[in-house]
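Presented below is the structure to which this report refers.
Atoms within each ligand, like the ligands themselves, are counted from 1 in listed order.
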Amino acid sequence: MILLDGKELASKIKAEIAKEVAEMIDNGQRAPHLAAVLVGENPASQTYVASKEKNSREVGIISSVYRYPETIKEKELLEVVDFLNLDHDVDGFIVQLPLPKHINEQKIIERISPSKDVDGFHPENLGRMMLGIPTLLPATPMGILTLLERYQIETAGKHCVVLGRSHIVGTPVSILLSRKASPGNCTVTLCHSFTGNIPGITREADILIVAMGRKHFVTREMVKKGAVVIDVGMHRITDDSKKSGFRLTGDVDFDQVAGKCSYITPVPGGVGPMTIVSLLQNTLKAGTTGQADKRTSGQADKR
Ligand code: NAP
């Protein structure tokens, strides 16, 4: 069994990004700028945004965070999005989800300029993804593809089973792996809460991607010998031996399943770091494209 070490791969890719950022600066451009909008005090959201800030700085990407209280009105948040869309010094930004219940998340996502949508959640970017047109891809599916690609795991002709059909992970990764591309050319089965006999389906998987949000759902008897298993799930479990008081675990029962796989991602240190590094890659892409467009057309927001 080979561990798909997302932490190690992410640091390798970060070194590549840092080199490209340094080259941009040497060529008289400014470093790409990633902004994050954080609403409220959700601890998980605060941790994610702090991590995005830290990782951006490590590669020379400019990072800024716009913080607002839980009580911000939808209209005010839309104005923040409009402001960032027009700010020529910001190449890409994310609005950290989830948002408070009184704010319509989809409305906020649709207001983000597709060329600055480094989370890749805008319908225009998702549509381009579906059609195989180059675009900003959603970060977690992109990180999964990068893992498969860099570990040189053959996907063509393989049966890929995806558990979970969220808009941010399951559905886009199932589309990406079924595209006529590399990685891709898989036969994909996408499972959700209406799917019957999930263990029977997962046992047929050459590649199993699990994004359900169900702790240790995937057990040994659900996995085919030699399968590639990618665990997206992330759960905090109490652990008094840790300084933080918790540790992370996934949707796959790693200890049971690992010995049966050809490749498997750990949690933590698998898909998580790949998601963050994909966000940095998207920011670099948005920065490079945006600054080139400004030079040729004088507009900030043209692709
Ligand atoms: P989500 O929006 O919570 O959706 C869960 C999906 O799993 C839904 O499609 C649901 O089916 C399906 N599902 C849930 N229970 C099921 C069951 N018992 N049988 C069959 N299907 C079931 O998922 P998400 O946002 O993609 O997140 C999934 C997990 O990944 C979470 O643990 C999250 O924290 C983690 N995550 C990690 C990263 C990372 O960077 N590592 C990024 C994003 C998410 P229905 O559609 O029918 O309800």
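- With a 4.0 Å cut-off on non-hydrogen atoms, His192 touches ligand 1 through its backbone as well as its side chain.
- For atom 27 (O) of ligand 1, the nearest protein heavy atom lies 4.0 Å or farther away.
- Taking a cut-off of under 4.0 Å to the non-hydrogen atoms of Ile198, the atoms of ligand 1 that pass are 19 (N), 20 (C).
- Residue Ile168 touches ligand 1 through its side chain alone, judged by heavy-atom distances below 4.0 Å.
- Checking Asp231 against Thr265 by side-chain atom types alone, no donor-acceptor pair falls below 3.5 Å.
- Using a 4.5 Å heavy-atom cutoff, the side chains of Pro100 and Val39 are in contact.
- Look at Ala211 and you'll find a heavy atom under 4.0 Å from some atom of ligand 1.
- In this structure the side chain of Phe254 never reaches within 4.5 angstrom of the side chain of Thr249, judged on heavy atoms.
- Contact check on Lys52 versus Asp119 returns no salt bridge, with no Lys/Arg side-chain nitrogen under 4.0 Å from an Asp/Glu carboxylate oxygen.
- Minimum interatomic distance between Gln256 and Arg220 (heavy atoms only, all atoms of both residues): OE1-N, 2.9 Å.
- Taking the charged nitrogens against the carboxylate oxygens, Lys224 and Asp206 do have a contact shorter than 4.0 Å, which makes a salt bridge.
- Which parts of ligand 1 touch Thr140 is read off a 4.0 Å heavy-atom cut-off, strictly below it: atoms 40 (O), 42 (C).
- Considering every non-hydrogen atom in both Asn125 and Pro114, the closest pair reads ND2-O, 3.0 Å.
- Protein heavy atom in closest approach to atom 33 (C) of ligand 1: Met234 N, 4.3 Å.
- Atom 40 (O) of ligand 1 has as its closest protein heavy atom Thr275 OG1, 2.8 Å.
- Here the side chains of Leu280 and Leu284 are not in contact, with every heavy-atom distance at 4.5 Å or above.
- Within the 3.5 Å criterion, the main-chain N or O of Ala36 finds no donor-acceptor partner in the side chain of Gln96.
- Nearest to atom 44 (C) of ligand 1 among the protein's heavy atoms is Val169 CG2, 4.1 Å.
- The protein heavy-atom contact nearest to atom 8 (C) of ligand 1 is Arg165 N, 3.9 Å.
- For the residues Ala44, Ser193, Pro172, Ser166, the heavy atom positioned nearest atom 24 (P) of ligand 1 is part of Ser166.
- Nearest to atom 5 (C) of ligand 1 among the protein's heavy atoms is Met212 O, 3.4 Å.
- Classification of Lys12 and Glu16 as a salt-bridged pair fails, no side-chain N sitting under 4.0 Å from a carboxylate O.
- Among protein heavy atoms, atom 37 (C) of ligand 1 sits closest to Val232 O, 3.1 Å.
- The protein heavy atom nearest to atom 29 (C) of ligand 1 is Gly213 N, 3.5 Å.
- Residues Asp251 and Leu163 form no side-chain contact, since every pair of their non-hydrogen atoms from C-beta on lies 4.5 Å or further apart.
- Which parts of ligand 1 touch Gly272 is read off a 4.0 Å heavy-atom cut-off, strictly below it: atoms 40 (O), 41 (N).
- Every N/O-N/O distance between Val271 and ligand 1 stays at or above 3.5 Å.
- Among protein heavy atoms, atom 6 (C) of ligand 1 sits closest to Gly164 CA, 3.6 Å.
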